[in-house]
Amino acid sequence: MSFPLLTATAALPAIGAVVTAAVPAARRTAAKWVALAFSLGTLVLAGIALARFEPGGDRFQLTESHAWIKDFGVRYELGVDGIGVALMALTALLIPFVILAGWHDADPLETTSSRWRPTQGFFALILMVEAMVILSFEATDVFLFYILFEAMLIPMYFLIGGFGDRAHSGSDENAAAQRSYAAVKFLLYNLAGGLIMLAAVIGLYVVAGSFSLSEIAEARANGSLSMSTSTERWLFLGFFFAFAVKAPLWPLHTWLPNAMGEATSPIAVLLTAVVDKVGTFAMLRFCLQLFPEASKWATPVILVLALISIVYGALLAVGQRDIKRLIAYASISHFGFIVLGIFAMTSQGQSGATLYMVNHGISTAALMLVAGFLITRRGSRLIADYGGVQKVAPVLAGTFLIGGLATLSLPGLAPFVSEFLVLVGAFAAYPAVGIVATVGIVLAAIYVLVLYQRTMTGPVKAEVQGMADLKARELVVVVPLIALLLFLGVYPKPLTDIVNPAVRHTMSDVQKKDPQPEVEAAK
């Protein structure tokens, strides 16, 4: 039997979580290094999987299949297509930066009992989230995916509620209450979506007699799968609702600003750059593949919701006074672009949406982590508490600017390519939708440039006069992310070569072809 590479890639961080949690209470620094070592090992395995993936080969590669719950037809089935392997690599890439950025975020306060182990728990939970997210990108059994989809909520709940942002303007009691509120809201929203999805998963099994994507696809191809139009639409809605909550798509988005605002900056990155990608990935993997006709039926409404997310998220970002909540609303706008690209049902749109998932993860990580370094120095998340930072910390200001310019999709940086493809795909199929979506680009320029102007330029405020510039550890976090933004902005071909074959398979699933431009005959 060949080496189970996909299982190993997900199992290594899970093992790392157990080992990190077991480090003695007094050895906090050792726990950090253990967690970092396991995350780097996972990155190596993900890199091997990416190298072994053949873009022109089978749709699902590096497959594994074992019986799990025989009486219910549940199997432990793994496999990655170009979209799954790209997002798996993104996850493995970002986690070491999350760990390094949060190196001191869980250090206990002086009044904390020496027997309390917040540092070990913090990094163990991060590794556990990584394991579940990677396995969800690999799962080709619907029931296995559902288990992971729900289970990752538990460690995220504790990371948000138990390890909140210490740069809070209120009292400790008020900060704890707001963290608890944000964590509970995150959990309830996602649990509600998951319970509806569970009903749809059971319904799918009743109709198809299997949880396996490959078996369901084969049954659909040979005509042995009998699913009425109404049944397919109800099942689609059950799946899509859960994924729209996770994405997050308007109007199911309201948990995200609270969660990102109250979590530490590295955990906010883990949430929006990694965990939330499971929702948009699942729209491509499960909604379009399992329910192609229902996906086309629901497209007009979903496109409207995506447009509202784009414009609404950007408008609220413009009016924010809190740096982290501004980035949260910007992410809601960006997820609207991703959903727009998926349901434009064009190859350019879906390629752009997949690239957007990767590029948004990198750009948001860069901007949010630098913002976290800034907030830690000043002890405030309020934009009004800053001014003139570029004069006392030019490297911090410069990296913050690059992260912001990537967020507004400046040409030459990675998000521009993905946003351009999404808009091209949208214009080709729905010109009016593409026109409205461009409003989000204009608004993005406003909220990013205003944020930079108010925090980094102008007179130096007394409170930031002695602010230190980025240190070596912080540069190790930020510089590689900026390098990736520049590289993929100039040369996205390595990524497009991986995802485009998977997009063609998805287009085939929904039996859609790219609209052909109308060319008038020469007179």
Side-chain angles (χ1 to χ4, degrees), residues 101 105 160 164-179 181-182 253-254 256-269 271-272 312-334 363-408 440 442-470 474 478:
D105 285 357
I160 295 169
D165 191 352
R166 292 175 178 175
H168 201 284
S169 58
S171 64
D172 290 342
E173 293 78 7
N174 183 51
Q178 291 196 31
R179 286 200 303 270
Y181 172 78
H253 67 285
T254 59
L256 183 66
N258 296 100
M260 287 185 66
E262 298 306 320
T264 66
S265 294
I267 300 309
V269 169
L271 178 61
T272 190
Y312 171 85
L315 281 173
L316 265 65
V318 170
Q320 287 304 305
R321 296 180 297 173
D322 184 308
I323 296 174
K324 292 171 69 176
R325 289 179 70 89
L326 184 152
I327 299 173
Y329 280 109
S331 290
I332 291 170
S333 182
H334 296 151
S363 62
T364 299
L367 180 60
M368 179 60 87
L369 293 178
V370 177
F373 299 148
L374 177 70
I375 291 168
T376 299
R377 285 161 164 75
R378 174 65 178 84
S380 173
R381 306 194 316 240
L382 298 179
I383 297 172
D385 289 341
Y386 296 86
V389 174
Q390 67 180 10
K391 296 178 182 178
V392 297
V395 177
L396 189 155
T399 53
F400 189 82
L401 177 61
I402 295 174
L405 293 177
T407 298
L408 64 81
V442 178
L443 293 173
I446 294 174
Y447 63 69
V448 168
L449 296 178
V450 169
L451 172 64
Y452 184 83
Q453 182 266 329
R454 291 180 177 175
T455 56
M456 301 296 167
T457 66
V460 179
K461 289 200 171 184
E463 294 82 1
V464 303
Q465 187 68 52
M467 182 176 290
D469 214 334
L470 293 183
E474 296 165 335
V478 176

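Heavy atoms only: backbone and side chains are in, while hydrogens, waters and symmetry mates are out.
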Indicate the atoms forming the closest heavy-atom contact of [X] with [Y], along with that distance.
X      : Y      : answer
Gly458 : Lys391 : O-NZ, 3.4 Å
Ser380 : Asp385 : OG-OD2, 2.5 Å
Leu443 : Ala314 : CB-CB, 3.5 Å
Ala268 : Ala263 : N-CB, 4.2 Å
Val464 : Val392 : O-CG2, 3.4 Å
Ala330 : Ala317 : N-CB, 4.1 Å

Once rounded to the nearest 0.5 Å, what's the spacing between atom [atom1] of [X] and atom [atom2] of [Y]?
X      : Y      : atom1 : atom2 : result
Leu374 : Ile323 : CG    : CD1   : 5.0 Å
Arg454 : Leu382 : CZ    : CG    : 12.5 Å
Tyr329 : Leu315 : OH    : CG    : 12.0 Å
Thr455 : Phe400 : OG1   : CZ    : 4.5 Å
Gln320 : Leu451 : CD    : CG    : 11.0 Å
Arg179 : Thr264 : CZ    : OG1   : 10.5 Å

* To do: Kindly determine whether Phe373 and Val478 satisfy side chain to side chain contact (heavy atoms under 4.5 Å, CB included), including the steps that lead there.
  => CA-CA 10 Å; Phe373 299 148; Val478 176; 3.8 Å; yes
Within-4.5 Å side-chain heavy-atom neighbours: [X] and [Y]:
X      : Y      : value
Ile383 : Val450 : no
Glu474 : Asp469 : no
Thr376 : Ser265 : no
Met368 : Lys324 : yes

* Is the backbone N or O of Val269 less than 3.5 Å from a side-chain atom of Thr272, with the two atoms forming a donor-acceptor pair by type? ->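 No: the side chain of Thr272 does not pair with the backbone of Val269.
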* Asked: Is Arg377 reaching over with its side chain to a backbone N or O of Gly466, donor-acceptor style, under 3.5 angstrom?
  ->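 Not confirmed, Arg377 side chain does not pair with Gly466 backbone.
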* To do: Please determine, by modelled atom types, if Gln390 and Tyr452 share a side-chain donor-acceptor pair under 3.5 angstrom.
  =>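 Yes, because at least one side-chain N or O of Gln390 sits under 3.5 Å from a partner of the opposite role on Tyr452.
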* May I have the step-by-step check of side chain to side chain contact (heavy atoms under 4.5 Å, CB included) for Ile402 and Val370, ending in yes or no? => CA-CA 10 Å; Ile402 295 174; Val370 177; over 6 Å; no
